[in-house]
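Please read all numbers here as calculations on a predicted model, not as lab measurements. Sequence lines set the chain letters: A, B, ... in the order given, protein chains first and strands last, and positions in each chain run from 1.
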Amino acid sequence: MAKNEASIPKGTRDFLPGEMVKRNYIFKTIRTVFERFGYLPIETPAMEQASTLTGKYGEEGDRLLFRILNSGNYLADVSDDEILERNVNKLKTSLSDKGLRYDLTVPFARFVVQHLNEITFPFKRYQIQPVWRADKPQKGRYREFFQCDVDVIGSNSLLNEVEQIQIIDEIFKNLGIRIIIRINDRRILFGIAEVIGEADKIIPITIAIDKHDKIGAHKVNEEMAVKGISEKAIRELQPILGLTGSVEEKLNKLENKILLRSRIGRKGVDKMKRLFDYLKTLDLEVNPVFDLTLARGLDYYTGTIIEANSIEMKIGSLCGGGRYDDLTGIFGLNDVSGVGVSFGADRIYDVMEKKDKFPEDITSTTTLMFVNFGEKEEIHCLSLLAEIRKSEIRAELFPDKVKIKKQMNYANQKNVEYVALVGEDEMKNGLITLKNMKTGDQELITLEELIEKLS
RNA sequence: GUGGGUGUAGCUCAGUUGGUUAGAGCACUGGAUUGUGGUUCCAGGGGUCGUGGGUUCAAAUCCCAUCAUCCACCCCA
């Protein structure tokens, strides 16, 4: 087996023309909605300084960073002792000071700080680029995948959250994907941790709560116990996890009973109440739900958190995001809050492909192909082609004089709509034989008639 | 990092309780049809059965190791 003669790293993919047409349809749909809400595009490099990336995504995230090896003799400055220690994590900084971006949000925060005097706040940008994670690939999980991020930075207004929920709603409506949108506020989770006396264990608690739907209360409690959360705290958590009722009822219970002693928790509740008040007035395709068990693992979220999932296919989230208050602070710019969401183009593709959501008419291919009959005919066809292309018709001439059968087969494989045959007879009469590849019908017409027909 | 499945032609897969020359469909090449594709018919090329070792008279088939890949968990888009 010639396995390594032609291959790509695991978790990466090639995209064939047929797939690219569909991918571009997704990107175009997303970009159109982003721009309709006043967001403008930026791009950042594939690689960032390692210091920009590390420490932003939690322990798990750091482990999944792709690092780029330094150039030159990077071991020259490393002492023998350090090498003999064989501690990769310690050596990393000597071996590598760059990494591939893990998401688009952290590079964006870096971008904002770096270009402070070139941008105006609130700054609304969108960014559609690949990101890389050294994860184990599986269904809906790739090592290289495209994120479509839309963020606004430098505004505390809740309108931004409202707007981004509208964007999510609009995009999935346009793509024809049925979703559920879940919303929560990290401050509520923090408040809960606070009132049960485990404020410092906020992260393991939220992660455990997040699994509530998947693995059930019993296992969640087990996991929290393993993580060192006291029995008393776990007991106090139970009525909170079992909260029932409408959004208002849940939020009221949280505000008036559970989070009485947590200022920050009540602040989160207040935000949620106001957010849902706004949302009620909108005519959304999908009504977002308040989900106390939504936690999200990324470290940098501090307020609202949002996630969208397919309801037709079991795959990871299609879209996720939230508000981050301190992200630019890490790069030296304090008190600038941002909120943004990220769409996973590859998972959206997977859902659309599986559920047959792509419109029929998006395939773009050559409209007209000239059969190659030889040198004299080639020159004649080239001038015809120039005229035809002026009318914005996609046209090509088969480059080799091979059997017509082979040329027709090429046109057929490529789904070319029409084939033009111009041989000796046609040249003499100044006509073109035009064949419709779908019906098989043929007609002898002039160049003008052909252009008229295909425009 | 943890657990499970699968590796046979370019692709998708058959291959009987181990048995002699390893098959099919699709794709490819040629022909039926030298100015006509998608249908049909005929012919052809293409395999160290993932790799290494073991058991056996005999291994694609059984055992061990290893690599690759897919799936689940974790985490995430």
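In this structure, A:Lys403 does not reach the B:U29 phosphate: none of its side-chain N or O atoms is under 4.0 Å from OP1 or OP2. A:Gln138 has no side-chain polar atom (N or O) that falls below the 4.0 Å cut-off from OP1 or OP2 of B:C71.
Residue-to-nucleotide contacts include a donor-acceptor pair under 3.5 Å from the side chain of A:Lys435 to the base of B:U36. For B:C76, its base sits under 3.5 Å from the side chain of A:Arg347 at one donor and acceptor pair at least. For A:Glu424 against B:G35, a side-chain-to-base donor-acceptor contact under 3.5 Å is absent. The base of B:U36 sits within donor-acceptor range of the side chain of A:Gln442, with an N or O pair under 3.5 Å. Looking at A:Lys136, its side chain comes within 3.5 Å of the base of B:U2 through a donor and an acceptor atom.
Residue A:Gly440 is in base contact, counting any heavy-atom pair closer than 4.0 Å across all strands shown. Using a 4.0 Å heavy-atom cutoff across all strands shown, A:Gly423 reaches at least one base atom of the nucleic acid. Residue contacts for A:Lys438: at a heavy-atom cut-off of 4.0 Å it reaches a base atom on one of the strands shown.
Closest to the A:Arg133 side chain, of the nucleotides B:A32, B:C76, B:C74, is B:C76. Comparing B:G35, B:C76, B:G37 by their closest approach to the side chain of A:Arg141 singles out B:C76. You'll find that the side chain of A:Asn409 is closest to B:C28, out of B:C76, B:C28, B:A72.
Stacking annotation: A:Phe145 is stacked on the base of B:A77 (ring centroids less than 5.5 angstrom apart, interplanar angle below 30 degrees).
Where A:Asp103 and A:Lys10 each meet RNA chain B at their nearest nucleotide, the meeting point lying more 5' is that of A:Lys10.
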Would you sort out whether A:Lys435 and A:Asp441 count as a salt bridge (Lys or Arg N to Asp or Glu O under 4.0 Å), showing the intermediate values?
-> CA-CA 6 Å; A:Lys435 182 185 176 90; A:Asp441 296 341; over 6 Å; no
